[in-house]
Amino acid sequence: MAAAAALSPLSGALLRRRFPLHHRRRLLAVVAVSPEAPAPTPTSPLPPPPSSPPRKGYFPKRNEILELTCDGLAFKGKGVCKVDGSNFVLLCDGALPGERILARVSRIRRGAFAEATKLRTLEPHHDAVDAPCPLAADCGGCKTQSLTYAAQIRHKYLQVRELLVNFGKFDPVELESSEPDSILKPIVPCDEIFRYRNKMEFSFGTKRWVQREWKEEKDEGAVKEEKIEGGGYSLGLHAPGFFDKVLHVEKCLLQSEPADKVLEVVQETWMDPALGLTPYDVHKHVGFLKHLMIRTGRNVSSGASEVMVNFVTSLYKPELLEPLVKKITKIPEVVSIMNNVNTSVGNTSVGEEEYTLYGKPTITEMLRGLTFQISANSFFQTNTKQADVLYKLIGDSAGLKGDGSEIILDLFCGTGTIGLTLARRAKHVYGYEVVPEAIADAQNNAKLNGISNATFVQGDLNKINETFGKEFPKPDIIISDPNRPGMHMKLIKWLLEVKAPRVVYVSCNPATCARDLDYLCHGVEDKDLKGCYKLKTVIPVDMFPHTPHIECICVLELC
């Protein structure tokens, strides 16, 4: 297969000889290489062939300037790059498949692979487009805006496939047999690739990000660091890799247009010296403004946009926010202005106290025919329209009979959105979640929608004991939607013991998903656990265009 050919320098005997076991696992966890590049066209010439034979045993040095060719994308969006004539892998942020770049080696990972910082493009990649956002290269949130959307989803699909093969130990032939029998289904694209986020969180900062530029000094064989002018107060997104530097953002193409209006008003106003507003200093722990959170929902009756603005501050001084509140309330879509007070020195946006400065304390949203109330700190799927697609696929994957006879166990249920969308076709839904506020929201959402056959319990699924499962009937269907680290071994063991007929695993991290699927299907030898499930389908879903994030819906049936 094409992907196997592309991956071959990092696989098999060569991989085993060159890297220790823990390095091989780490490398395979991040590397998901693209297929062979398409045939050259007049706009995408092939790079010249290497002038020297492959350099076996080549290892770069820190701060070394190199010309690299990007072979594909790794999980989390880093480019998988190599020096011509070498198989040594360098992971580089901002490098895209087919692109030749000049980069500086920034970090050596114990000789197994290295990380590099992109300096400039020498030859553009095959699917190059102009990024609509001028901050795309610096922000870190939209790493692949300069890649066509078709290429973005193609590479996401390939990453899922390689992780299932290398981490999940599944046969690539079975994964991609002829449709409709293939296990790995085509990736589901997102219809709207901009303006899709219903929540954005911006930070106030005392240090506006000053970008570093690294330039090659050929005569001296050295690397010179230069700084672009900047500094001062800022409101925007944290610069990649920095907790104390904020990239100033005037508008964001991912949030709704009414949310952009709010951001514009705040940016025009908050730095006026007459207002006496100061950003929080994360080093000195002084200052007032910490975060600006903007959420967008819909009025259930009219379908019109509803915007909530949440100021996170270090103190409760509503008089300081009053000038901002007066200007923001002139935007017709704004129906709620909240103030979360967070006195801790940490960077969290959740406050110990919450106050309503204007309007109502919640906004609403519709999902799969249900109404959900969203507070300032509620968890809710960030892409509402694609979440509707995702939840329909989850419902189809659950395979409910529809006669109201089945018990559903909803693990990592959050605010109950998945379980509640299935409850009306089930006998009963039992949801478990560690966050008590999420459980309270789930219970309120059940009441709001008149659903009485759903029970939500607060509990840590990473710390279950032998009593877990005694308080509810044996489930017919288990939905598991863990966070990025995946499922704890205690929960894996319980699932293999309870043997529910069907498990629907919803994942936001295909690397840990592939690992957990391996455990459930093939067992865990060193834990003396035998797998008892067969992987039936995997559906990748693109929830967040221009980012490296991938959602997967996996269906497991009892052998």
Compare all side-chain heavy atoms of Val307 with those of Val335 and state whether any distance is below 4.5 angstrom.
no
Could you check if a side-chain atom of Gln381 sits within less than 4.5 angstrom of a side-chain atom of Tyr391, using non-hydrogen atoms only?
yes
Write down the atom of Phe544, the atom of Thr382, and the distance for their closest heavy-atom approach.
CE2-CB, 3.9 Å
Candidate list Val325, Asn310, Val309, test side-chain contact (heavy atoms from CB on, under 4.5 Å), partner Leu357, passing option:
Val325
Side chains of Leu91 and Val80: does their closest heavy-atom pair fall under 4.5 Å?
yes
Looking at CG of Asn166 and CZ of Arg515, how far apart are the two atoms once the value is rounded to the nearest 0.5 Å?
15.5 Å
Keeping the roles fixed (side chain from Ser234, backbone from His248), state whether a donor-acceptor pair exists under 3.5 Å.
no
Side chains of Ser146 and Leu96: does their closest heavy-atom pair fall under 4.5 Å?
yes
Under the criterion salt bridge (Lys or Arg N to Asp or Glu O under 4.0 Å), I'd like the reasoning laid out for Arg100 against Glu67: C-alpha separation, chi angles, the key distance, then a yes or no.
CA-CA 7 Å; Arg100 286 175 61 84; Glu67 289 188 14; 3.2 Å; yes
Any pair counted as side-chain hydrogen bond (donor to acceptor under 3.5 Å, both in side chains), so long as it reaches residues 323-336, sequence neighbours left out:
none
Can Lys251 and Glu264 be counted as an ion pair, charged N to O under 4.0 angstrom?
no
For the pair Asn340 and Tyr355, evaluate side chain to side chain donor-acceptor pair (under 3.5 Å) and give the outcome as yes or no after the intermediate values.
CA-CA 6 Å; Asn340 267 241; Tyr355 301 92; over 6 Å; no
Partners meeting side-chain hydrogen bond (donor to acceptor under 3.5 Å, both in side chains) with Ser106 (sequence neighbours left out)
none
Between the main-chain N or O of Asn509 and the side-chain N or O of Thr512, is there a donor-acceptor pair closer than 3.5 Å?
yes
If you look at every heavy atom in Phe311 and Ile328, which pair is closest and at what distance?
CZ-CD1, 3.6 Å
Can you check whether Ala259's main-chain N or O pairs, donor with acceptor, with Ser256's side chain at less than 3.5 Å?
yes
Is it the case that the ring center of Phe288 lies less than 6.0 angstrom away from the ring center of Tyr280?
no
Mind listing the side-chain donor-acceptor pairs of residues 314-324 below 3.5 Å, one per line with the distance, residues two or more places apart or on another chain?
{"unit_1": "Ser314", "atom_1": "OG", "unit_2": "Gly287", "atom_2": "O", "d": "2.6"}

Ignoring hydrogens and angles, tell me if any N or O in the side chain of Glu306 forms a donor-acceptor pair with the backbone of Thr364 under 3.5 Å.
yes
Got Leu235 and Ser203 here, is their nearest side-chain heavy-atom distance under 4.5 Å?
no
Considering only heavy atoms from C-beta outward, does the side chain of Asn342 approach that of Thr313 to under 4.5 Å?
no
Would you say Arg208's side chain and Tyr233's backbone share a donor-acceptor pair under 3.5 angstrom?
yes
With sequence neighbours excluded, what pairs up with Val541 under the side chain to side chain contact (heavy atoms under 4.5 Å, CB included) test?
Val188, Gln386, Leu390, Leu393, Ile539, Met543, Glu551, Ile553
Within the 4.5 Å heavy-atom criterion, are Arg120 and Ile101 side-chain neighbours or not?
no
Verify, without hydrogens or angle tests, whether Thr121 (side chain) and Pro124 (backbone) share a donor-acceptor contact under 3.5 angstrom.
no
Out of Leu68, Thr69, Asp71, which one pairs with Lys82 under the side-chain contact (heavy atoms from CB on, under 4.5 Å) rule?
Asp71
If you apply the rule side chain to side chain donor-acceptor pair (under 3.5 Å), what do you find for Gln159 with Tyr157, and how did you get there?
CA-CA 5 Å; Gln159 289 168 34; Tyr157 171 88; over 6 Å; no
Suppose the criterion is salt bridge (charged side-chain N to carboxylate O under 4.0 Å, His left out): which pairs have a residue in residues 376-385, not counting sequence neighbours?
Glu192-Lys385
List the residues meeting side chain to side chain contact (heavy atoms under 4.5 Å, CB included) with Ser375, not counting sequence neighbours, and say none if there are none.
Thr362, Ser378, Asp441
Can you sort out the partners of Arg107 under side chain to side chain contact (heavy atoms under 4.5 Å, CB included), two or more places apart, ordered by chain and number?
Arg109, Glu115
Go through the structure and list residues passing side-chain hydrogen bond (donor to acceptor under 3.5 Å, both in side chains) with Lys290, not counting sequence neighbours.
none
Mark yes or no for whether Gln152, through its side chain, and His546, through its backbone, hold a donor-acceptor pair below 3.5 Å.
yes
List the atom of Ile439, the atom of Glu433, and the distance in Å for their closest heavy-atom pair.
CD1-CB, 3.6 Å
Check whether Ser305 reaches the backbone of Arg298 with its side chain - one donor and one acceptor, N or O, closer than 3.5 Å.
no
Could you pull out the closest heavy-atom pair between Leu263 and Glu250, with the gap in Å?
CD2-O, 3.6 Å
Of all residues at least two apart in sequence or in a different chain, which pass the ring pair (Phe, Tyr, Trp, His ring centres under 6.0 Å) check with His283?
Phe243
Donor on one side chain, acceptor on other, Asp260 and Gln255, under 3.5 Å
yes
For residues Asn383 and Cys190, determine if any side-chain heavy atom of one lies less than 4.5 Å from a side-chain heavy atom of the other.
yes
All heavy atoms of Ile363 vs all of Gly297, minimum pair found to be CD1-N, 3.6 Å
Should the heavy atoms of other residues, nucleotides or ligands under 6.0 Å from CG of Asp272 be counted, would the total exceed 12?
yes
Donor-acceptor pair, Lys118 side chain versus Gly94 backbone, under 3.5 Å?
yes
Who pairs with Tyr196 by side-chain hydrogen bond (donor to acceptor under 3.5 Å, both in side chains), at least two apart in sequence or on another chain?
none
Heavy-atom closest contact (Thr269 atom, Val265 atom, distance):
OG1-O, 2.8 Å
How many angstroms lie between atom CD1 of Ile418 and atom CZ of Arg368, to the nearest 0.5 angstrom?
12.5 Å
Step by step, work out the side chain to side chain donor-acceptor pair (under 3.5 Å) result for Asn198 and Arg295.
CA-CA 5 Å; Asn198 57 40; Arg295 306 190 77 146; 5.2 Å; no
Is there a donor-acceptor pair under 3.5 Å between the side chain of Gln267 and the backbone N or O of Val249?
yes
How would you list, by chain and number, every residue that makes a side chain to side chain contact (heavy atoms under 4.5 Å, CB included) with Asp516, sequence neighbours excluded?
Met487, Ile492, Tyr505, Tyr519
Can you name the side-chain hydrogen bond (donor to acceptor under 3.5 Å, both in side chains) partners of Asn445, sequence neighbours left out?
none
